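Computed from a predicted model, the values in this text were never measured in an experiment. A note on names: the letters A, B, ... follow the listed sequences, proteins ahead of strands, and every chain is numbered from 1.
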Amino acid sequence: MKGSRADKAATVVFWALGLVTIALLAFIIIEILARGFLTAINPKFFLGKPEAIKAGGGIFPMIISSLYLAALTILISLPIAIGAAIYMAEYAKKGRLNNFIRFCLDSLATLPSIVFGLFGLALFVIYFRWSYCLLAGAFTLAILNLPILLRSTEEAIKLVPNTYREASMCLGASRWTTIRQVVIPTALPGIMTSTILPIGRIMGESAAIVYTTGLFIRNIPISPFDTAAPLAGYIWYAQSEALVPDYRQIVNGGAALLLIIVFAIYFLARWAGNRYQQTKLLGPKMK
Amino acid sequence: MPEEALENKMVIKDLSMYYTDFKAIEDVTFDVPARRITALIGPSGCGKSTLVRCLNRMNDLIEGVRVEGEVVLDSENVYQQGFDTIGLRRRVGMVFQRPNPFPKSIYENVAYGPKLVGIKDKEELDFIVEDSLKKAALWHEVKTILRESGQNLSGGQQQRLCIARVIAVQPEVILFDEPCSAIDPVATQLIEDLMAELKENFTMVIVTHNMQQAARVSDFTAFMLVQEQGQPGRLIEYGDTNTMFTNPSDERTERYITGRFG
Ligand SMILES: Nc1ncnc2c1ncn2[C@@H]1O[C@H](COP(=O)(O)OP(=O)(O)OP(=O)(O)O)[C@@H](O)[C@H]1O
Ligand SMILES: [Mg+2]
């Protein structure tokens, strides 16, 4: 039969394509870890201070910079994204304005990150006179990530079945109460997962931060107004500009470490999401 | 049934409703007597759900909905300017076709409504939860698992949980939109028994596709029909359930009840 043969062929093709994707991913991960894993797990490396000229420097301040920057960025962008997503998913009427907002967001999402970097440089670093600092980077990355964060948050909210909203309204809840008490709690694990992708991107972003946050530091940044050197930017810097003789090792180790950290955050967030679902939503015990 | 004078809890007067340009129901008029069960029957698409959702203004949530006519609850038109819809929905609760407990614990599901009106006291909430679950004939099955998700219950149990959740806000009227169509016969029996018990305190309206169910549980029946494709649904006949099922006055009602209808 022709139909079933086409069916089989399609199955094989899609299966093969899936396999290629997985293989590619596995190859990249293995390659990165093979080159840098041993360096990455060396405490002298991941807990050490970087060197400017000598070999043997560590990257601890860079790790802190990356985590600090990611936290600040999420802190800035998540409330905005959730607020906007609630508006888009729950209140906005289908129509011109809504389509226009979407069009703007999609356009924003396609801009190369260097554009955001230059924008951040012009606005935060120069015009606001913040100079190179975590906050300037965080705001830049927040703008950069807003489109995907908003989109995925909105999807998470839209996944909440309408029957929950109806049930809640039928019990005499206002729209806003329904959103607060039912929609957001139900969507929260999804929202948490939806912040993962941006976190990965924030940690991996270099073009948008080299002009806003800084490239090299020796001390751990404390204040949001301190200059910092996130890992991804530092890797780029070490590869292209640094004077240290062991820059290859730093690059490989840094890349492996970045991968490990992003994975760790991913699993942590998944775990927290599941845990929240099990405990928070089920409420207190009755005597 | 003890003979007491029938008072009307709700009166529906010349009610028409539009989904944007589409007129779904037209000039529907009938009474919903207090502490009785009124059944709403008719073929699919005749506007039964649309009609019950007018009674607690749940249709307001759909964009482009317009209503003409009156729905009177205790001598007040719920569609009058400035009527408190949130208060209305507390007074006129609703149970849906598919059981829809929140993804919260059994306890939290039932406590949801009372918490909305600001009841925070743990003892009081505990009492309401237990009382409502008992009234919904679910207490004995769930009293040891109150902290488990309401969504882990069986379909029939979930539906009773939804009934308990409505009872917990102490409404005056409860609307049921095909409450048994997604659950098995045994669970259906349980819910029918439950409705008979709830009649003492609540006025109920039930939409059903099941003629036997309408005959079994209801005191009054309204029959709706769409005459021709694209026309609005209209009320064909309304009356005492017994009379309607044994001696309908309209030929179309008879054909529908005896199953000789499309
Ligand atoms: N949200 C909506 N927007 C537009 N038209 C709708 C909407 N909901 C229902 N309708 C239309 O209104 C008419 C009545 O629908 P309704 O759901 O009230 O019928 P019903 O009697 O409850 O049917 P069923 O027995 O299948 O549940 C149908 O023609 C339906 O297509
Ligand atoms: Mg219906």
Task: B:Arg89 side chain to A:Leu171 backbone, donor-acceptor under 3.5 Å - done: no

If one checks every heavy atom of B:Pro101 against chain A at 4.5 Å, the contacting part turns out to be backbone

Under 4.5 Å to a heavy atom of chain A? For B:Ile86 that would be both

- Near B:Arg98 CZ, under 6.0 Å, is it more than 12 heavy atoms from other residues, nucleotides or ligands? no

Honestly, the part of B:Gln151 sitting under 4.5 Å from a heavy atom of chain A is side chain

Looking only at A:Pro161, A:Gly172, A:Ser174, the option with the highest number of non-hydrogen pairs under 4.5 Å against chain B is A:Gly172

- For residues B:Leu61 and A:Met169, determine if any side-chain heavy atom of one lies less than 4.5 Å from a side-chain heavy atom of the other. yes

Checklist line | Other residues, nucleotides, ligands: >12 heavy atoms within 6.0 Å of A:Phe27 CZ | finding: no

With the side chain counted from C-beta on, respond yes when A:Val182 and B:Tyr112 share a heavy-atom pair under 4.5 Å apart, and no when they do not. yes

Scanning both residues in full, the closest heavy-atom pair of B:Phe96 with A:Ala167 reads CE1-CA, 4.1 Å

Around atom CG of B:Asp21, are there more than 12 heavy atoms from other residues, nucleotides or ligands closer than 6.0 Å? no

Legend entry - CD (B:Glu200) with more than 12 external heavy atoms under 6.0 Å: no

- Got a sec: does the CZ of A:Arg180 have more than 12 other heavy atoms crowding it under 6.0 Å? yes

**Prompt:** Less than 4.5 Å apart, any side-chain heavy atom of A:Cys170 and any of B:Asn56?
**Reply:** yes

So do the side chains of B:Pro103 and A:Tyr164 get within less than 4.5 Å of each other, counting heavy atoms only? yes

From the list B:Met94, B:Lys143, B:Glu63, the residue making the most non-hydrogen contacts under 4.5 Å with chain A is B:Glu63

* Please determine if B:Arg53 and A:Glu166 form a salt bridge, counting it only when a charged side-chain N lies under 4.0 Å from a carboxylate O. => yes

If one checks every heavy atom of B:Arg57 against chain A at 4.5 Å, the contacting part turns out to be neither

message: Would you say that more than 12 heavy atoms from the other residues, nucleotides or ligands in this model lie under 6.0 Å from the CZ of B:Phe22, or not?
response: yes

For atom CD of B:Gln170, decide whether the heavy atoms of other residues, nucleotides or ligands shown that lie under 6.0 angstrom number more than 12. no

